[in-house]
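Keep in mind that what you see is a predicted model, and the values were worked out from it rather than measured. The figures here come from the full heavy-atom set of this structure, side chains too, leaving out hydrogens, waters and symmetry mates. Numbers for residues simply follow the sequence, beginning at 1.
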Amino acid sequence: MFEPWGILVILIVCPLLGGLPLIAWITYALTHKRLSQVGTRNISVSAAFYHGGRFVGILAVLSEAFKGVAAVLLTRVFFPDGSFWELIALIALVIGRYSIGRGAGTTNVVWGFVVHDPLVAMFVFFFAGISFTILQSRQVVKFGVLLLFPLFVALLHISDIPRMFAAVALAGLMGWIYTKIPDDLNLPAQQAQTESQAMLEFLRSDVYDGLRQRTMVSLDEELDAAIVGEKAATLSQIKRWGYPVPKGWVLPPIDDPELLTEFLQPSELSPLVVRSSAIGEDSEHSSAAGQYETVLNVISPQALQSAIAQVQASYNHPSAVQYRRDRGLNDTAMAVLIQQQVQSIYSGVAFSRDPVTQQGDAIIIEALLGSPTQVVSGKVTPEQYRAFVLETENSSSVQLEGEGRVPQALIKQVAYLAYRLEKRYHGTPQDIEWSYDGQTLWVLQARPITTLLPMWTRKIAAEVIPGVIHPLTWSINRPLTCGVWGELFTLVLGERTLGLDFAETATLHYSRAYFNASLLGDIFLRMGLPSSSLEFLTRGAKLSKPSWESTWENLPGLGKLLKRELSLEKDFKRDYHKRFIPGLSQLAQSDIDYLEPSKLLARIDFILELLRHGTYYSILAPLSVALRQGIFRVKDDQIDHSVTPEIAALRSLSAIATDAKEVLLKFEPQQVFEQLKQTPEGEKILQEFNELLQDYGYLSEVGTDISVTTWRENPQMIKQMFVQLMQGNEPQSGAKDAINSIFADKPKRSFVQRRVDIKGRVTEVYSRLLAELRWSFLALEKIWLKSGLLKKTGDIFFLNFDEVRRLAVGGDSRLIQQLDKLIELRRSQFRQDSEIIQVPFLVYGNTPPHPLAPSVIYSDQILQGIGASHGQAEGKVKVLRNLQDLPEIDRDTILVVPYTDSGWAPLLLRAGGLIAEVGGRLSHGAIVAREYGIPAVMDVRGATWLLQDGQRVRIDGSRGIVELSNDLRPS
């Protein structure tokens with residue numbers, strides 16, 4: 001039993017030991033530099049020497065040597081000295097070092113191997129030293145050693161087969177890692193710590209001498225933007241993806257151009273173009289467009305030398321220096337990109353998104369005959385085109401607007417190129433320079449459109465807090481939501497959250513909530529989630545599974561998150577009984593109508609403290625439900641949502657309505673409540689109805705918006721629902737309960753159901769707290785209306801919480817003087833924003849223009865969404881954007897809404913089907929639709945604009961599609 005325990009210890013302890021960031025801790029403690037944020041972002045010994053200096057580097061060597069030796073000695077506790085398990089321990093150590101600690105593990109292996117097999121280590125060191133002295137090539141020696149040490153192991157231990165295989169596996173793993181991470185020794189030695197420069201120059205000698213002797217940096221290689229600049233690195237990446245990029249070479253900063261000029265030999269038949277590739281140029285933060293030199297038609301070695309010098313000198317041109325200063329950019333260095341010059345017949349630029357309107361799906365293309373420099377120079381007016389790419393699973397097409405001398409087929413090819421490159425860069429809008437030589441469409445440059453960043457998305461945000469939002473609501477919801485998301489992301493990422501501002505997670509555009517897709521995309525990439533994560537936010541694409549490599553790298557953080565998920569039920573029950581129930585009881589016992597402003601402010605602060613804890617559960621509980629439902633593949637109709645407040649209220653109301661029908665065998669819908677008052681049995685029914693209204697009076701049309709009237713304040717909504725239930729529109733819960741009973745004994749369903757019940761309880765607590773918060777603000781507003789501080793009912797919702805606090809505390813005379821004007825200005829803006837029928841799904845930049853009508857391209861007259869409630873229905877469309885004027889609805893009506901919340905339930909009682917612009921399978925509308933057996937399709941983008949009243953459609957709630965009628969398609 002001792003050896004199995006040893007294997008377990010090795011496979012668990014060694015990866016964790018390898019991932020221990022001792023180098024990062026040492027460097028930060030002595031220099032206050034975070035290696036994960038500088039240079040190549042490796043946590044390595046060479047990075048410690050480079051950024052921390054000699055002393056830090058020596059300590060880094062000792063710390064990593066300790067790990068390697070410790071792994072071998074730990075193995076000897078369980079196995080004999082020199083066993084192959086020591087190599088397995090080193091493999092596990094290196095895996096942890098790479099996946100968790102972001103290093104190659106070279107030092108760990110070297111010192112661990114010295115302890116494991118000193119004789120083999122001595123032979124390897126001897127041959128490595130001779131090889132480096134002769135060849136002066138660090139790369140050759142590094143990979144040569146990986147061939148030598150398994151060979152020596154095989155020669156000296158020919159009968160120990162497991163050890164030979166382990167040595168080969170260790171060498172193969174190290175070789176693979178070397179190809180995956182950049183080398184800090186390739187960074188410019190002049191920018192390293194002074195005491196480390198001599199050593200780095202010596203170790204880098206193969207970079208310089210090798211360049212002179214045998215190789216040059218080519219666009220065919222995987223290049224690091226920190227060394228060769230974003231422009232060259234991006235082109236190398238695009239070239240490796242398979243797109244045509246002119247053959248090119250890169251001269252890194254401070255490198256000698258002699259070999260390049262001797263090798264390339266430009267001529268009139270083979271001209272070159274020399275371009276800048278400054279560190280930081282063409283990045284998401286700065287395009288530096290037009291700041292540095294580009295030299296065309298270089299036709300001799302002498303001209304090439306001169307062009308390189310000219311481009312390098314342009315880095316220090318006064319206008320370029322001022323550009324960097326104006327944007328707060330650090331001075332770095334200039335790499336030079338030399339490419340074969342394309343003999344252009346047609347050329348131009350393409351924007352994968354419209355940089356002027358900043359919205360829509362149009363690709364903007366500018367084109368003309370000849371060189372693309374004419375387009376970017378602004379001296380020639382190019383032809384302009386707008387293109388729309390429609391891509392389905394089986395086909396793709398391009399619709400084009402504009403005509404000119406450039407062939408339409410070529411423009412469509414450019415449009416598709418821009419579309420594909422944007423997808424490659426996870427939805428980030430791209431500025432692409434292109435050229436066509438009669439045979440090939442070449443990519444000359446690609447960079448983010450900096451004016452269209454960050455990207456803001458309605459995905460998820462529109463479901464979390466739908467509709468037009470008042471300033472007071474937003475000033476409370478935003479810090480609560482952003483704070484909790486920041487906490488969860490920090491839990492997973494740890495120190496990799498440095499530089500991220502979680503306060504920028506969400507914002508308002510057109511008085512609607514948007515999430516920062518650019519920030520979330522950065523977070524997803526740091527978490528190692530698939531690139532489709534950002535496409536999910538920007539295009540609604542399906543999410544793919546993350547790689548095992550990224551999962552392993554984030555294992556410690558994911559483990560912490562999993563621990564939170566597993567303890568969710570216990571934690572919530574603890575807070576429910578010790579925090580939420582006592583808090584709600586305390587709030588219920590006080591009469592807010594008699595509280596002074598200072599007391600009301602204290603009450604509001606008390607509620608907000610409870611909400612901070614509630615927000616954590618309101619975010620983690622739905623995540624837990626979705627995770628468990630996905631893992632155990634429990635279907636929506638196998639889940640009971642009876643704990644969810646609106647479903648519980650609906651079922652209770654249905655039971656009361658059933659009793660009422662027995663009391664009133666005949667009734668007039670408009671006189672139901674008057675008729676019930678006439679009998680003792682009816683009075684009992686009314687009492688039960690009022691008790692229900694008291695229990696669920698905290699619900700509203702939008703549960704997360706405190707500016708929306710609650711059921712308690714306006715019971716007309718629930719009264720109308722009650723009458724409809726009496727008329728026979730009851731939930732189809734019998735079949736649902738039967739299905740539930742079939743699966744009641746299945747552990748998988750129970751495992752998910754417990755989380756659904758917790759989610760329902762969380763929703764109840766959160767909704768009650770928000771209602772109490774609303775009523776507290778209304779009490780405060782009532783006082784200020786009476787004193788004349790506010791003029792109209794609802795004025796308080798046009799203030800933010802900080803302004804409310806300043807008014808309640810008193811003494812802010814300047815705010816009081818500006819109050820009427822401020823409120824009227826915001827009310828006017830709110831009114832204007834409310835009139836915007838269709839807001840963009842995506843917004844680019846921080847100051848988007850007024851939204852345009854969305855560009856729509858039909859695909860076989862089918863709209864795709866998310867199937868949320870099974871079944872099919874055909875009927876006439878009724879578009880309803882709010883609950884102000886309730887229309888006549890029957891089973892032939894397909895209700896089309898922007899979102900759904902508890903307040904929409906009365907309409908769903910009568911409708912034949914539901915189409916919603918936002919929401920998923922766990923949204924309020926989906927749950928209520930399933931409760932009533934109504935087909936529902938959620939997340940149909942632009943549905944309230946695309947579909948028209950009276951239009952006939954067919955919806956399929958299983959497949960998530962909406963089929964449009966041929967004769968009534970919107971124009």
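Electrostatic pairing of E230 and R447 does not count as a salt bridge here, judged by no charged N lying under 4.0 Å from a carboxylate O. Ion pairing between a basic and an acidic side chain is recognised when a charged N comes within 4.0 Å of a carboxylate O; R420 and E391 show such pairing. Comment: R240 does not engage D220 in a salt bridge, judged by the lack of any side-chain N to carboxylate O separation of less than 4.0 angstrom.
The CD atom of Q339 sits 9.0 Å away from the CH2 atom of W249 when rounded to the nearest 0.5 Å. L219 CG to K247 NZ: the interatomic distance, rounded to the nearest 0.5 Å, is 8.5 Å. To the nearest 0.5 Å, atoms NZ (K231) and CG (L337) are separated by 7.0 Å. Atoms CG and OG, on L272 and S267 in that order, are 8.5 Å from each other to the nearest 0.5 Å. In this structure, the separation between CD on E366 and OH on Y385 is 11.0 Å, given to the nearest 0.5 Å. Taking CD of Q384 as the start and CG of L368 as the end, the distance is 11.0 Å to the nearest 0.5 Å.
Counting heavy atoms from C-beta on, the side chains of N516 and T507 never come closer than 4.5 Å. In this structure the side chain of L441 never reaches within 4.5 angstrom of the side chain of P244, judged on heavy atoms. Under the 4.5 Å side-chain criterion, counting only non-hydrogen atoms from C-beta, H509 is not in contact with P851. When side chains are defined from C-beta on, D361 counts as touching R353, because their heavy atoms get closer than 4.5 Å. With a 4.5 Å cut-off on side-chain heavy atoms, E422 and T428 do not count as touching. When side chains are defined from C-beta on, V839 counts as touching Y514, because their heavy atoms get closer than 4.5 Å. By the 4.5 Å heavy-atom criterion applied to side chains, P301 and Q265 are counted as neighbours. Side-chain contact between K412 and S397 is absent, with no heavy atoms from C-beta onward closer than 4.5 Å.
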Next on the checklist: The test is side chain to side chain contact (heavy atoms under 4.5 Å, CB included); show your working for L421 and Y243 and say whether it passes.
Outcome noted: CA-CA 9 Å; L421 283 179; Y243 294 93; 4.0 Å; yes

Checklist entry - After noting the C-alpha distance and the side-chain angles of R424 and Q430, does the key distance pass the side chain to side chain donor-acceptor pair (under 3.5 Å) rule? => result CA-CA 10 Å; R424 277 286 192 171; Q430 295 294 306; over 6 Å; no

Item to check | side chain to side chain donor-acceptor pair (under 3.5 Å) assessment of Y50 paired with S44 | outcome: CA-CA 10 Å; Y50 189 93; S44 64; over 6 Å; no

Item to check | Pair L251-Q312, side chain to side chain contact (heavy atoms under 4.5 Å, CB included): steps then yes or no | outcome: CA-CA 10 Å; L251 183 68; Q312 289 174 330; 3.9 Å; yes

Next on the checklist: Pair W241, Y425 - check ring pair (Phe, Tyr, Trp, His ring centres under 6.0 Å), show working.
Outcome noted: CA-CA 12 Å; W241 283 339; Y425 285 106; 5.1 Å; yes

Item to check | side chain to side chain contact (heavy atoms under 4.5 Å, CB included) assessment of L842 paired with W456 | outcome: CA-CA 6 Å; L842 277 175; W456 301 94; over 6 Å; no

Next on the checklist: For L296 and Q341: C-alpha separation, side-chain torsions, deciding distance, then whether side chain to side chain contact (heavy atoms under 4.5 Å, CB included) applies.
Outcome noted: CA-CA 8 Å; L296 301 172; Q341 184 167 317; 3.9 Å; yes

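In this structure, T261 and E258 approach most closely via the heavy-atom pair OG1-O, 2.7 Å. Across all non-hydrogen atoms, the minimal contact from V311 to M334 is O-CE, 3.7 Å. Residues S518 and L453 share a closest heavy-atom pair of OG-CD2, 3.9 Å. Taking every heavy atom of both residues into account, A335 and I227 meet most closely at CB-O, 4.3 Å. The two atoms that bring L235 and R275 nearest to each other are CD1-NH1, 4.0 Å, heavy atoms only. Pairing each heavy atom of A225 with each of I279, the nearest pair is O-CD1, 3.8 Å.
The aromatic rings of Y315 and Y292 sit parallel to each other, their planes meeting at less than 30°, with 60° as the upper class boundary. Between Y436 and Y346, the angle of the ring planes stays under 30°, which puts this pair in the parallel group of the 30/60° scheme.
Side chain of S277 to main chain of V228: a donor-acceptor pair is present (N/O by atom type, distance under 3.5 Å, no hydrogens or angles).
Residues S314 and E293 have side chains that never bring a donor and an acceptor to within less than 3.5 angstrom of each other.
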